[in-house]
Q: 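This is the structure, below, for whatever I ask next.
Reminder, nothing fancy here: chain letters follow the sequence lines and each chain counts from 1.
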Amino acid sequence: MTLYAKFMGPGWYRAAISQPLSLAFAVGLVAAVRTLYGYDPVLDGDAITTVALIAMPLGFIVGIGCFDYWFRWASGAPTTPEDHSGHGAKTWKDYFKVNTDHKVIGIQYIITTFLFFILGGLMAMVIRAELAQPGTQFVDPNTYNGLFSVHASLMIFLFIIPVFAGIANYVIPLMIGAPDMAFPRLNALSFWMLPTAGVMMIASFFTDGGAFATGWTAYAPLSTETPIGQQFFTIGVQFAGASSIATALNFLVTIITMRAPGMTFWRMPLLVWANFTTSLLVVIATPFIAGSQFFVLLDRSLGTHFFDPAAGGDVLMYQHVFWFYSHPAVYIMMLPGFGIVSEVISTHARKPVFGYRMMAFSLVAIVILGFTVWAHHMFVSGMFDWLRVPMMITTMLIAVPTGIKIFSWLATLWKGVIHLTTPMLFALGFITMFTLGGISGIILAVIPVVIHVSDTYFIVAHIHYVLFGGSVFTIFAGLYHWFPKMTGRMYDERLGKLHFWLSFVFFNLTFGPMHFVGVDGMPRRVADYADQFATMNALISVSSFIFGLSFLVFLYNMITSWRNGPKAAANPWRAHSIEWQVSSPPPIFNFDEIPTVVGGPYEYGVPGAVHAVFGDKKAPVKGAPAPAGGGGAPPPTTE
Amino acid sequence: MRRLLRKRPALGMALLSGVSTAVGIVIVLVIDWFPAQASTASPQIDTLWDVLMIASVPIFVLVMSVALYSVFAFRAEPGDLSDGEPIHGNTRLEVIWVTIPFIMVSALAVYGWIVLDDIEAKQTDPLIVNVTGQQFAWRFDYPDEGKVKSTQLMLPKDRDVEFRVNTDDVLHDFWVPEFRLKTDAVPGLTTKIRLKPSRIGEYDVVCAELCGIGHSTMRAAVRVVTPEDFDAWIAKEQQSEGDGGAAAAGGDEAGAGRQLFTDTGCNRCHTLADAESTSAVGPGLDDLTANATAYGKEAKQSPEEYVKTSIEDPGAFVVPEFEDGIMPADYAEQLSPEEIDTLVKYLLSVSSQDKP
């Protein structure tokens, strides 16, 4: 390859060159505009940073090659014939390229998001170190505010939301019998936008004035007045959000149009339902956070007055727009986990999901109700009083569909044949902690109580029970469950169980006590606190360090098992859904022959029941003896 | 043992749940959740909390008993490759677990609503306290008690108090944990809390809304005292403020007006040479007398009436080239009629042609 081709072709070289070029563009544009307006000085650091924050990530994405095909097509140049050279991974290096294979993108997503998970977790460790005793020990208040802001932003925008997209990317096309996602190039673009957002948020620590320090909520007018670090959040969120929307559209189209023959909506596994409903939420809600951050961006950079009441701005508008996304975002972070838990419990308890249709309907109900509760985050915000009671009622009503799910999982366990594998343990741990998080959620709907506990550690406890005990436990359940499928290796079951018990026990010791200090009067987002909370905080900090260390067990297990674990069979869990009927890992185009779906996905215990068949083989006659191992399709020809 | 449990699951479950629920309820009631009860709202909210706890325990216990029981009773033997019973659903059960939670949350919502109405009920002759947050301190003033200003919050026991909360800069949140009530201080709005202090003691105002670097240090002292002590304190403050304030403001009515102009925040939008304000968000007031005469004529109002209307209802007449809806419309609530009169007189006096 000539040097010229190396630098002009898609890839890291071109991406590297794009960075100084984008920066130069930013400097040039700012200088030109400011000269035209006669502003002094012509080179303004904040303005250049702002333009560069938009130009450099775009430059990177173009440089790495996400747009090559579209640019050629749009300019009328001959497009490169699709030779599938950018599809599938033959070496580890292929994971660092723009790839159109949903399985490669899935892995790219999962690894990238876990890197940000580790970084966000380390920040949490520093936060807990600082809070171990009253007073200031390790970080100054500004850094502290930056740490919890970046911690939350990374965990939400760079870990929980996208890691679910990663898992779904890998699993959903296989589950519905599709060769890939509907728009593989868009899929690649979605992924490559993501790390730019994360890098941006972390880079804010190195700016003048420190990282953005207004929480992940970035309430105006604080966020319109703080130093330039805030801009890294304001713009970073746009990239994460765009990535999220593009992926969600891709899922919607894939699920609607690319299901295998015979897979009606009522034969879709619940994970598919979960991602379908989640994608609806993403597509409808995410533009609102984009809007809220654009308002902030305009107020900061162009001197508009959206949030300046002295000039007719409205501070509460920010909160309304923000929560109109950010409450549904809670379900964006939870529904895929519901799907995973349904798969895991049904498979490892060897029973059909109890009340399958109600499980699907309750997802839809949560989507609809999820849009009617945003203002319960604003009960003490000073908004108009009349909105509070309706929001309390809708919020409490969400307990009904959520209750349906929990009770149906329990009924699925009932009279099952329960295999306490690591994914099953995490699913059971999820039920425990999500029930607690759900109960504190009900409490947080009751206005008089909220007036006392809002903005306290009770909230911190609640969201970690829902997002860690809830979402992250389902992520672990899902990763252990599909690890054999993704890597072709088995993980170490003993280490997996150790990981579960360590994280389950120390999660509760970390976040359980936060309920008490919160109700007792400790506000959240504080670098320092009254001495009366010292004992509890010391306990919380010590537990959190062990909790943090438990993650190393997971990491060690994943890395060593991926390298040296025993080879996994195609279907180690004897599951019925389609992804388990192909080899582990699956062939490059998923299926040598497209499967035909002939029944429900969870027909455990029904003699001879099969979810899908391959090729021309007819479905086994009902009542025929079940194949050894309790069912599933005949082994695929690819093995 | 396991076979027995498999045979009579309902009995085992009921026993397990009943005992755990009883124990759980005792535990949540024994725990001392809250700080001291220092307002009449506190016991109501604490009781509501107890009811929520009592309702929550059986739900959690039920979920945990079924989960733990299932793991214990239905766990696969090693090498067991069989499947469970293919139970796909049970309509009656599903109706039950939709209906019962629905009834429970509805009842709790109604109860919550009643308590809310109760703690926010109208008060008779409340003591008004204006609370202003700024990065990173609180100030309090007592407009009806001789306009006493203070940086500590002094309150009489057993008297209704209405807090009118404002901010000079970003969002803050006025919270006294012992009172149980809080509200954001929102730029451009006045938010309110009504309560009645019920316990003599010293507490803290805590800022509960992230407001910047000094957020965790934004505290102020609260002292609830007997009404007699409160009156004594007011008298003392009035005297010292009378001395200090008079010296600062020149001791005349114009001084009081100027103080009001600045304290109310008029200066943040309106230019007025006498008060050394230069903001141009709203119309400048240096030529107010002339303008008020002119515009007042159109509205058939005297200059005094015109200025008063403009303060109380800024939308009634909007000066050309300015937009409606920018000026806060709640000054009639924020300020007493006397204060508005003072302000009107002050504004007209300092903007007249023959001003001193």
Side-chain angles (χ1 to χ4, degrees), chain A residues 141-142 214-215 219 221-222 309-312 315-316 349-352 354-355 358 380-382 389 392-393 396-397 399-400 403-404 406-407 410 413-420 428 431-432 435 439 442-443 446-449 451-452 455 519-521 523 525-528 604-606 629-630, chain B residues 33-35 45 48-49 52 56 59-60 63 66-67 70-71 74-76 80-89 94 97-98 101-102 105 108-109 112-113 115-116 119 170-171 173 177 180-184 186-189 191 206 208-213 215-216 268-269 281 323 325-326:
Chain A
N142 195 39
T214 56
Y219 272 12
L222 188 62
V315 172
L316 288 182
R350 315 299 309 162
K351 268 194 64 198
F354 190 94
M358 281 303 274
V380 297
S381 70
V389 169
M392 163 170 77
I393 293 168
M396 296 187 86
L397 284 181
V400 175
I404 292 174
I406 290 185
F407 297 134
L410 292 176
L413 288 172
W414 193 256
K415 294 197 172 174
V417 180
I418 296 174
H419 298 261
L420 280 186
L428 292 169
I431 291 183
T432 311
T435 304
I439 287 172
I442 295 286
I443 291 169
V446 183
I447 304 161
V449 172
I451 293 175
H452 177 61
D455 290 312
V519 177
D520 204 20
R525 293 174 165 176
V526 286
D528 190 9
Y604 300 105
V606 178
Chain B
W33 292 93
F34 288 93
I45 291 177
L48 173 61
W49 173 272
L52 286 167
S56 304
I59 301 281
F60 182 67
V63 170
V66 177
S70 302
V71 167
F74 310 122
R75 189 163 170 189
D80 183 353
L81 294 179
S82 67
D83 282 350
E85 262 183 65
I87 307 167
H88 284 90
E94 289 173 54
W97 69 46
V98 170
F102 181 82
V105 295
L108 290 173
W113 192 353
V115 173
L116 180 71
I119 59 180
V170 298
L171 290 167
D173 189 287
R180 306 286 185 274
L181 301 178
K182 69 160 72 74
T183 185
D184 277 8
V186 185
L189 288 182
T191 52
V206 175
E209 184 68 67
L210 177 63
C211 60
I213 298 174
H215 169 56
S216 48
R268 278 180 280 158
C269 294
V281 175
E323 274 180 61
I326 293 181

Q: Where do B:V66 and A:W414 come nearest, in terms of heavy atoms and distance?
A: CG1-CE3, 4.1 Å
Q: Carefully, step by step, assess A:Y219 and B:V170 under the rule side-chain contact (heavy atoms from CB on, under 4.5 Å).
A: CA-CA 9 Å; A:Y219 272 12; B:V170 298; over 6 Å; no
Q: Applying the side chain to side chain contact (heavy atoms under 4.5 Å, CB included) test to B:V63, which of A:I439, A:L410, A:T432 qualifies?
A: A:L410
Q: Given 3.5 Å as the limit, does a donor-acceptor pair link the side chain of A:K415 with the main chain of B:E85, or not?
A: no
Q: Using non-hydrogen atoms only, which part of A:V446 is less than 4.5 Å away from chain B: side chain, backbone, both, or neither?
A: side chain
Q: Quick one: of B:D173, B:L48, B:V115, B:T191, who has the most non-hydrogen atom pairs under 4.5 Å with chain A?
A: B:L48
Q: Side chain, backbone, both or neither: which part of A:I406 has a heavy atom under 4.5 Å from chain B?
A: side chain
Q: Look up atom CD in B:E94 and atom CZ in A:F407, then write down how far apart they are to the nearest 0.5 Å.
A: 12.0 Å
Q: Which of the residues B:P101, B:C211, B:P187, B:G112 is involved in the greatest number of heavy-atom pairs with chain A at under 4.5 angstrom?
A: B:P187
Q: Give, for atom CH2 of B:W97 and atom CE of A:M358, the distance between the pair rounded to the nearest 0.5 Å.
A: 9.0 Å
Q: Against chain B, work out which of A:G215, A:P221, A:P141 has the most heavy-atom pairs shorter than 4.5 Å and name it.
A: A:P221
Q: By a 4.5 Å heavy-atom criterion (distance strictly below it), what part of A:I442 contacts chain B: side chain, backbone, both, or neither?
A: side chain
Q: Check this for me: B:F60, atom CZ, are more than 12 non-hydrogen atoms of other residues, nucleotides or ligands nearer than 6.0 Å?
A: yes
Q: Counting only non-hydrogen atoms closer than 4.5 Å, does A:L428 touch chain B with its backbone (N, CA, C, O), its side chain (CB onward), both, or neither?
A: side chain
Q: Tell me which of these, A:A399, A:G403, A:P523, has more heavy-atom pairs under 4.5 Å with chain B than the rest.
A: A:P523
Q: Rounded to the nearest 0.5 Å, how far apart are CG of B:D80 and NE2 of A:H419?
A: 6.0 Å
Q: Looking at every heavy atom in both B:P35 and A:H452, which two are closest together, and how far apart are they?
A: CD-NE2, 4.4 Å
Q: Contact between A:L420 and B:R75 at the side-chain level, heavy atoms closer than 4.5 Å - yes or no?
A: yes
Q: Has the side chain of B:K182 got a donor or acceptor atom that lies under 3.5 Å from a matching backbone atom of A:I451?
A: yes
Q: Given that the side chain runs from C-beta out, which part of B:L116 has a heavy atom under 4.5 Å from chain A: side chain, backbone, both or neither?
A: both
Q: Looking only at heavy atoms, which two atoms of A:D455 and B:A208 are closest? And how far apart?
A: CB-O, 3.0 Å
Q: So do the side chains of B:F34 and A:D520 get within less than 4.5 Å of each other, counting heavy atoms only?
A: no
Q: Checking heavy atoms, do the side chain of B:I119, its backbone, both or neither come under 4.5 Å from chain A?
A: side chain
Q: With chain A, which of B:I59, B:V98, B:L171, B:L108 has the greatest number of heavy-atom pairs at distances under 4.5 Å?
A: B:L171
Q: Tell me the closest heavy-atom pair linking B:G84 and A:V417, and the distance in Å.
A: N-CG2, 3.7 Å
Q: Are there more than 12 heavy atoms of other residues, nucleotides or ligands under 6.0 Å from atom CD1 of B:I87?
A: yes
Q: Taking all non-hydrogen atoms of both residues, which atom of A:L413 and which atom of B:F74 are closest, and how far apart?
A: O-CD1, 3.9 Å
Q: Count the heavy atoms of every other residue, nucleotide or ligand shown that sit under 6.0 Å from CH2 of B:W113, and state whether that count exceeds 12.
A: no
Q: Which atom pair, heavy atoms only, marks the closest approach of B:P86 to A:G605?
A: CG-O, 3.5 Å
Q: Rounded to the nearest 0.5 Å, what separation is found between the CG atom of A:N142 and the CD1 atom of B:I213?
A: 4.0 Å
Q: In Å and rounded to the nearest 0.5 Å, what is the NE2 to OG1 distance from B:H215 to A:T214?
A: 12.5 Å
